[in-house]
Amino acid sequence: MPHIQIRATRNIIPSLDVRALLANLVLELSACESIEPAAIKCLLVPIDEWVMGEGAPEGFVHCEVSLLSGRSTELRKQVSMRMFEVLGTRLADQVSNRTVGVTVEIREMDKETYLKT
């Protein structure tokens, strides 16, 4: 814990420096209060099949951050904004020409049932 999972449509991935993006996300999350850098896991899952609604961008990047429950709403908002800013910076050209939509979601993992070795 915490986990950062990026889901990206396959058409977006060639324009990304995936390793740098993941490293930037980890760095930003590490700077947040009560986050232990050594516990962060960050990965990208490519999406091979997708359908977008009419008028939507050609693809998407969705960032899901899972944190143990009990963190303040303010901290969760801060994490959300930091992730969104990194993605927005890295994908600025694609966002401006509407080839990608970017979303961020913060999820809470129940600290009483989450297990870790």
Side-chain angles (χ1 to χ4, degrees):
M1 125 35 248
H3 306 277
I4 305 170
Q5 293 185 44
I6 304 297
R7 290 181 186 84
T9 55
R10 187 70 75 176
N11 63 328
I12 302 302
I13 295 172
S15 65
L16 291 176
D17 179 345
V18 173
R19 177 72 72 189
L21 172 64
L22 299 180
N24 285 153
L25 292 168
V26 168
L27 187 63
E28 282 299 314
L29 186 56
S30 296
C32 293
E33 171 189 326
S34 80
I35 302 294
E36 183 181 333
I40 299 171
K41 298 164 190 72
C42 187
L43 59 98
L44 181 135
V45 178
I47 305 296
D48 290 319
E49 301 291 333
W50 71 95
V51 175
M52 305 290 283
E54 185 176 333
E58 299 169 17
F60 64 86
V61 173
H62 177 70
C63 175
E64 178 183 303
V65 181
S66 298
L67 302 170
L68 283 179
S69 58
R71 299 251 169 57
S72 71
T73 300
E74 192 55 42
L75 176 68
R76 294 191 316 265
K77 284 180 181 179
Q78 179 187 28
V79 169
S80 182
M81 288 305 300
R82 284 177 177 259
M83 300 297 102
F84 197 73
E85 288 171 9
V86 168
L87 292 167
T89 299
R90 288 274 175 187
L91 295 160
D93 291 340
Q94 296 93 328
V95 169
S96 67
N97 66 23
R98 295 209 24 91
T99 56
V100 65
V102 176
T103 55
V104 175
E105 175 183 10
I106 306 300
R107 290 186 172 235
E108 288 189 286
M109 298 181 290
D110 185 345
K111 72 168 66 172
E112 296 191 23
T113 59
Y114 179 78
L115 302 175
K116 177 180 172 180
T117 59

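Quick caveat, the model's predicted, so the values are computed rather than measured.
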_Could you measure the distance from the CD1 atom of I12 to the CD1 atom of I6? Nearest 0.5 Å is fine._
13.0 Å

*What is the minimum heavy-atom distance between K116 and A39, and which atoms define it?*
NZ-CB, 3.6 Å

*Measure across K111 and S69 and return the closest heavy-atom pair with its distance rounded to 0.1 Å.*
CE-O, 2.9 Å

*According to a 4.5 Å side-chain heavy-atom criterion applied to Ile, Leu, Val, Met, Phe, Trp and Tyr, with indirect links allowed, do V86 and V104 form part of one hydrophobic cluster?*
yes

*Within a strict 4.5 Å, meaning less than it, do heavy atoms of the F84 and V102 side chains meet?*
yes

*Using a 4.5 Å cut-off on heavy atoms from C-beta on, say whether the side chain of L21 contacts that of L25.*
yes

*asked:* Let me check something: do V95 and F60 share a hydrophobic cluster, defined by ILVMFWY side-chain heavy atoms less than 4.5 Å apart, either directly or through other members?
replied: no

*Return yes if some donor-acceptor pair links the side-chain N/O of T9 with the main-chain N/O of I47 below 3.5 Å, else return no.*
no

_Enumerate the side-chain hydrogen bond (donor to acceptor under 3.5 Å, both in side chains) contacts for residues 96-107, please, sequence neighbours excluded, ordered by first and then second residue._
H62-T103, H62-E105, E64-R107, N97-T99, E105-R107

_For the CZ atom of R90 and the CG atom of N24, what is their distance to the nearest 0.5 Å?_
4.5 Å

*If you measure from CG on L22 to CD on Q5, what distance do you get to the nearest 0.5 Å?*
11.5 Å

*Can you measure from CG (L44) to CD1 (I4) and round to the nearest 0.5 angstrom?*
12.0 Å

*Less than 4.5 Å apart, any side-chain heavy atom of R76 and any of E108?*
yes

Check: residues 27-36 side-chain donor-acceptor pairs under 3.5 Å, at least two apart:
from, atom 1, to, atom 2, distance (Å)
E28, OE1, R82, NH1, 2.8
S30, OG, V26, O, 2.7
S34, OG, R71, NE, 2.8

*Considering non-hydrogen atoms only, spot the tightest contact between I106 and V79 and give its length.*
CD1-CG1, 3.7 Å

*Between CZ on residue R7 and CH2 on residue W50, distance to nearest 0.5 Å*: 15.5 Å

_Other residues, nucleotides and ligands only: do more than 12 of their heavy atoms fall within 6.0 Å of NZ on K77?_
no

